[in-house]
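Quick notes on the structure that follows.
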Amino acid sequence: MKLWLERIAAAGQDLHRAYHSRRVVSALLHWAAELFQAECALWIAPDSRPGQLRLSKLHPRSRHALQTTRVPARRGWEAWLWAQKKALRFDHPQPETWWPKTPAWGFEIRTLMAVPVRHRQRRLGLLIVANRKHGQFLARQMKWCEAFADQAGLALANARLRETQQKYLEMQKQQLLETTVQLRQANEKLRQAELTRSEGLSMVAHELRSPITSLLGFAKLLRDGRLGALAPEQLELVSSMHRNVEAMERLISDLLDLTRMELGKLTLRMGPCSGQRLLHEAAVTVGSSLPGLASRLQFKLQEEPAYVQADQMRLLQVLVNLLTNAAKYAPSNSPIILELHADAHSVLFSVSDHGRPLAPHEQERLFEKFVRLKSDPYTGATSSGLGLAICRSIVQAHGGMIWVESAAGQGNRFCFRLERVPAPAALAAVPGGAKTP
């Protein structure tokens, strides 16, 4: 008894190590024939086709290979055994009308046990062990076969669950791959469409630049009186025309800059630049076009020189844009603060104003191109939606990042951070380093 239980336990472990349902059935038939000294072991299970059963047995030359055929589900000895739905044991049942006269395994059956294999009351298949000996299977062997079938049911259910999970994972993986391909294709189409649009904008901007430049020159000649003195009303109209044409010229320049960056045609002339000097030069540049700005500027710069590797003209363009926006959107006579802070690895530039604090949804889209803020309550100013997009592109081209911070009662603070580099050797050799004007 103990030996039988040990052998059945060993057989059960072998079944559970078979991670595929077909391998479980193969191991089941092999162990059934060995445990009960049967000359044949068969497996009957429902087929995917309606009205059919699958009859499987081991291949004579391989323990793991199965030979499977389809048989009718409503006639024949296989159908009769399957329809019983219970364990059966026969000894030499030749008189029975359902008994096969020419069995599939090639010899006349004398003894037979048929045991359903179940899991949680669900019948998974039917195990049959048979031989041509005259001695019958014993009742205790029937009980052992049922115990063995219980272990087989659990192993087969686990194997089918793993197969279902594997199929689901494979299906999900395939869907993910297909979705990835579709997204890549869609992204490529969007990229091509964006490039086409950028090239179109660049072409239009180039075509407009020549006539706008001519208009600007003519308006300046008229305004300055080089073509004759103008009456006050005429001078006012010409001055208004000059301002509007200047605005158009700046817009076209911004469009050309932006499309050049998007098309990857922006050329940076890199070199070490003093952060303090850049802020002072930006203040001078903006102050020359905006009278009264100089009195509003406040500098908070660290004394120790801080250098970044940058294209000086492009970085100056970023600071001028930020300063111009601060002057445009903040109340007149309110302070504008220019700050520079550096640590061992990076340099932080910032321009702060006391304008209307930006809402979170505005902050998220502020640096996108063609995004325009609503009119400012203090000045009524609006933007073209290109200046900050250009700032972001330039800062990113330098390997940095740009963002805005807003707080109620404090206005807005535009910041960007770049990698810090050592001071040029010629300046580092001078005691005290370089002095910023």
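The shown structure was predicted, so the numbers you read here are calculated from the model rather than taken from an experiment. Values below: all heavy atoms of this structure, side chains included; hydrogens, waters and symmetry mates excluded.
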Under a 4.5 Å cut-off applied to non-hydrogen side-chain atoms, are [X] and [Y] in contact?
X	Y	value
Val284	Glu281	no
Ile128	Leu112	yes
Leu127	Cys145	yes
Trp144	Ile8	yes
Leu340	Gln302	yes
Leu55	Trp43	no
Gln174	Gln172	no
Pro424	Tyr307	yes

(request) Applying side chain to side chain contact (heavy atoms under 4.5 Å, CB included), run through Leu81 and Leu88 and close with a yes or a no. (result) CA-CA 8 Å; Leu81 287 175; Leu88 299 171; 3.9 Å; yes
(request) Go through the steps to decide whether Tyr329 and Thr324 satisfy the test side chain to side chain contact (heavy atoms under 4.5 Å, CB included), and finish with yes or no. (result) CA-CA 9 Å; Tyr329 286 98; Thr324 303; over 6 Å; no
(request) Check side chain to side chain donor-acceptor pair (under 3.5 Å) between Gln151 and all other residues, then give those that pass, not counting sequence neighbours. (result) none
(request) Applying side chain to side chain donor-acceptor pair (under 3.5 Å), name anything that partners Gln67, two or more places apart in sequence or on another chain. (result) none
[X] atom [atom1], over 12 foreign heavy atoms within 6.0 Å:
X	atom1	value
Arg123	CZ	yes
Met171	CE	yes
Tyr19	OH	no
Glu163	CD	yes

Minimum heavy-atom distance [X]-[Y], with the two atoms named:
X	Y	result
Asn131	Gln37	ND2-O, 3.8 Å
Ala27	Leu15	CB-CD2, 3.5 Å
Gly287	Leu293	N-CD2, 4.0 Å
Gln363	Ser406	NE2-CB, 3.5 Å
Val129	Phe137	O-CE1, 3.8 Å
Leu29	Ala41	O-CB, 3.5 Å

Starting at [atom1] of [X], measure out to [atom2] of [Y] and round the result to the nearest 0.5 Å.
X	Y	atom1	atom2	value
Leu323	Leu297	CG	CG	6.5 Å
Leu66	Arg23	CG	CZ	10.0 Å
Leu190	Glu188	CG	CD	9.5 Å
Leu338	Gln276	CG	CD	12.0 Å
His20	Arg160	NE2	CZ	10.5 Å
Leu156	Arg22	CG	CZ	12.5 Å

Closer than 3.5 angstrom, by distance alone: can the side chain of [X] be matched with the main-chain N or O of [Y] as a donor-acceptor pair?
X	Y	answer
Asn412	Leu358	yes
Arg54	Pro46	yes
Gln410	Ala407	no
Asp311	Arg269	yes
Arg420	Asp343	yes

Before accepting this row, confirm whether a basic side-chain N of the pair [X]/[Y] lies closer than 4.0 Å to the acidic partner's carboxylate O.
X	Y	answer
Glu405	Arg413	yes
Arg365	Glu368	yes
Lys57	Glu78	no
Glu362	Arg356	yes

(request) For the pair Glu170 and Gln166, evaluate side chain to side chain donor-acceptor pair (under 3.5 Å) and give the outcome as yes or no after the intermediate values. (result) CA-CA 6 Å; Glu170 289 296 328; Gln166 187 64 32; 3.1 Å; yes
(request) Verify side chain to side chain contact (heavy atoms under 4.5 Å, CB included) between Val351 and Ile336, making sure each step is shown before the conclusion. (result) CA-CA 7 Å; Val351 176; Ile336 297 174; 4.0 Å; yes
(message) Under the rule for salt bridge (charged side-chain N to carboxylate O under 4.0 Å, His left out), what residues qualify as partners of Arg162, not counting sequence neighbours?
(response) none
(request) Evaluate side chain to side chain donor-acceptor pair (under 3.5 Å) for Arg417 paired with Ser346, printing each intermediate quantity in order. (result) CA-CA 7 Å; Arg417 186 185 297 276; Ser346 63; 3.0 Å; yes
(request) Just jot down the ring-ring contact (aromatic ring centres under 6.0 Å, His included) partners of Phe414, sequence neighbours excluded, or say none. (result) none
(message) Run the ring-ring contact (aromatic ring centres under 6.0 Å, His included) test against Phe148 and tell me which residues pass, sequence neighbours left out.
(response) none
(message) Let's go through Phe299 and His280 carefully: what are the C-alpha distance in whole Å and the side-chain angles of both, what is the deciding distance for ring-ring contact (aromatic ring centres under 6.0 Å, His included) to 0.1 Å, and is it a yes or a no?
(response) CA-CA 9 Å; Phe299 291 88; His280 279 285; 4.5 Å; yes
(request) Please test Met313 against Gln317 for side chain to side chain contact (heavy atoms under 4.5 Å, CB included), starting from the C-alpha separation and ending with a verdict. (result) CA-CA 6 Å; Met313 295 306 298; Gln317 181 181 358; over 6 Å; no
(request) Write out all pairs satisfying side-chain hydrogen bond (donor to acceptor under 3.5 Å, both in side chains) with one or both partners inside residues 388-402, taking only residues at least two apart or from two chains. (result) none
